[in-house]
Number of protein chains: 2
Amino acid sequence: MKKKSIKDIAQDLGVSKTTVSFVLNKKGDEKNISKKTQKLILDYIKEVNYQPNQIAKSLKNGTTNTIGYLVPDISNPFYAKIGRIIEDLLWEMGYHLLIGSTDEKKEKEELLLNMFANRQVDGLVIASCFISSDALESLAKQNFPMVFFDREDPAVSANYILVENKAPMKEAIQRTIDKGAKKIGLLSITPDVYSLKLRIDGYKQALIDNGLEQDESLLRIVDNNQIKESAQKELKYLIEAGVDVIVFTNNQITATAIWLMNMLYPEKVDEITFVSFDNLDIFDYSRPKVISIAQPIDNIAKQSVNILEEVIRTKVSKNTRIELKPKLIER
Amino acid sequence: MKKKSIKDIAQDLGVSKTTVSFVLNKKGDEKNISKKTQKLILDYIKEVNYQPNQIAKSLKNGTTNTIGYLVPDISNPFYAKIGRIIEDLLWEMGYHLLIGSTDEKKEKEELLLNMFANRQVDGLVIASCFISSDALESLAKQNFPMVFFDREDPAVSANYILVENKAPMKEAIQRTIDKGAKKIGLLSITPDVYSLKLRIDGYKQALIDNGLEQDESLLRIVDNNQIKESAQKELKYLIEAGVDVIVFTNNQITATAIWLMNMLYPEKVDEITFVSFDNLDIFDYSRPKVISIAQPIDNIAKQSVNILEEVIRTKVSKNTRIELKPKLIER
DNA sequence: ATGAAAGCGCTAACAG
DNA sequence: CTGTTAGCGCTTTCAT
């Protein structure tokens, strides 16, 4: 039993494709198709379990009801969770998610971007490191519905769903200072993304505001290409420098550091406090103690979908920039 | 500058659509298109940045170069990681991933399944709880390329990529017995999936083989609808029963239990050993100590893609059943 | 109340 | 060496 098309159905029933199409799209009454014919068709549809070919529909309509979700790595819990929520929200609206991981590689991002556009996704939710790339610019010029989250290129105006970086980071560090922290180090992956720079600014500001020593050597940058090895070295530096607090700019580096601490300095896990931008469930019980800045994942997803839906519907992009407030979790 | 189609290009250049199409598909030489015409077209293509409409291509060819990835929850690290690897492997082959989370809901799974099929995905990688559902049966009957992983319905023959359950579970528990464990409890989510049953069988077998007391009350099942509350109650039971080892049937319940232990029984974290089917990175340094059975994620992904590719290419499904060996991680 | 026919963008067999 | 044409499955205008 091969798949039936509208044409087959029409032939089998001795009616025209048009009639079938009208009935299928619930325009039977509107188009004055007799009740009898409608029932005939509907019954047959069920009987043969007719499934419309969405590709043909898409070609005709110019829409696919598919949204592209482009992130550095879909297996990163942050992107996976947001992806999941977006998937659910879109599902309600009859949309599907096509995913792509860019690995923060420009070339891959551009290829994926083009593939997505060619595949006629109706819109794009994207965490890009290369917002000013040719591919994105060209899409922007075509007024392609897009919303950017997590990352921003301040030089490019677009729809952004972001989270405050500097102030919350400063505030979190302030808590540790209030509790007596004196020597505060920072460990970050290479801040080639704007938001990471802002988080580091928050760190610096906290030190300045409290008149703490501005020791540039306590600001350690990890080599992204060999995170574990490099983090180990930098962590060692900070530990030996005698810091009582270490600040991290994202959850990945925090998790790595927790692991390293437990492996290499188990005797020190209760002497040091971690501050992490981005939360992870394990922070609830991991040692060292972690004060974290939790991004409002639900809200990021919700706003992204909202804006995207609006742009698709109205066909006008207003370059909305939304900055959400993260939540400080003390432990 | 709106998007150009092949027709536009042909008109602009005063050649026919066919010629353009041939050149685009690198059949220029084969079809004896003059070098000059080829260059003319290729140059123009670049100039206007022509992007072929994949939807039209798909309609014509009957293939979309898209694979559906259907899992209970894409934000679960296990599925997210496998998804990521599959994405990469497929990318090499020119395929893309359409994702769907079923939430283990039959209705949602069937809807997604149909949507995917209608959208003409070329194949499906799926971790389903309802392998014997109508929707799946109907696809199977149409010889639709599918490969199942993680979960099996022994009553349905299909392409399965699985991991051994019973023996590894038994073996992991054996290690704890060798080290002196006497009273071994088990905590599991409701084992409505076949593999969970096998894991529990492994637990029982380990007890039998070692002549340990078969106390059915030490086998605690958590209510899936309120995991945290239920797990807390069951964990309490086991702790009070004085177990020295607790066995878990998947990583989710292990993670929950680790969290609960640290929250509620911090004084006991070093007195009890956990055995977990499924590994998580945090087990490296979490307390209680966790002996885990790590699923070979890379291999699962690789084999799934292999089989799927073969089925798509040969158009014949051989109902291959591959059982991979997990890796015991002692800590 | 229903049908014929054009067309979405692309491919490819067939004709010159 | 290149062009004409039919057709993938669907929608929709216009005609009857």
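Sequence lines set the chain letters: A, B, ... in the order given, protein chains first and strands last, and positions in each chain run from 1.
- Taking B/K315 as the reference, nothing meets the side-chain hydrogen bond (donor to acceptor under 3.5 Å, both in side chains) condition, with sequence neighbours excluded.
- If you take CD of B/Q51 and C1' of C/dG9, they are 14 Å apart, rounded to a whole angstrom.
- For B/Y50 and C/dG9, the shortest distance from a side-chain N or O to OP1 or OP2 is not below 4.0 Å.
- Separating the NZ atom of A/K7 from the C1' atom of D/dG7 is a distance of 8 Å, rounded to the nearest angstrom.
- Contact annotation for B/T18: base contact, defined as any heavy-atom pair under 4.0 Å involving a base atom.
- With respect to the salt-bridge test (charged N to carboxylate O, under 4.0 angstrom), the residues A/K81 and B/D73 do not qualify.
- For B/N61 and B/F22, each mapped to the nucleotide of DNA chain D holding its nearest heavy atom, the one lying further toward the 5' end belongs to B/F22.
- Ring orientation note: the planes of A/W91 and A/H96 are nearly perpendicular, at an angle over 60° on the 30°/60° scale.
- With respect to B/E110 and B/K108, no salt bridge is recorded, no charged nitrogen being found less than 4.0 Å from a carboxylate O.
- When rounded to the nearest whole Å, the span between CG of B/L40 and P of D/dC1 equals 16 Å.
- Picking from D/dT4, C/dA1, C/dC10 the nucleotide with the shortest atom distance to the side chain of A/S34 gives C/dA1.
- Residue contacts shown for A/K27 are limited to sugar-phosphate atoms, with no base heavy atom under 4.0 Å away.
- Using a 4.0 Å heavy-atom cutoff across all strands shown, A/K60 reaches at least one base atom of the nucleic acid.
- Look at CG on B/D8: it is 10 Å from C1' on C/dG9, rounded to the nearest Å.
- Of the two residues contacting DNA chain D, namely B/V15 and B/L59, the nearest-nucleotide position lying further toward the 5' end is that of B/V15.
- The separation between A/I55 atom CD1 and C/dG7 atom P is 23 Å, rounded to whole Å.
- A close approach under 4.0 Å does not occur between any side-chain nitrogen or oxygen of A/S5 and OP1 or OP2 of D/dG9.
- Atom CG in A/L13 sits about 15 Å away from atom C1' in C/dG3, given to the nearest Å.
- Among the atoms of the strands shown, only primed sugar atoms or phosphate atoms (P, OP1, OP2) are found under 4.0 Å from some heavy atom of B/T37.
- Counting non-hydrogen atoms under 4.0 angstrom, A/S21 reaches a base of the nucleic acid.
- If you check D/dT2, D/dG9, C/dT2 against the side chain of B/T19, the one that comes closest is D/dT2.
- Summarising the geometry, the separation between NZ on A/K17 and C1' on D/dT11 is reported as 9 Å, rounded to the nearest angstrom.
- Heavy-atom minimum distance, B/Y69 versus B/I74: CE2-CD1, 3.7 Å.
- The distance from atom NZ of A/K57 to atom C1' of D/dT11 is 10 Å, rounded to the nearest whole Å.
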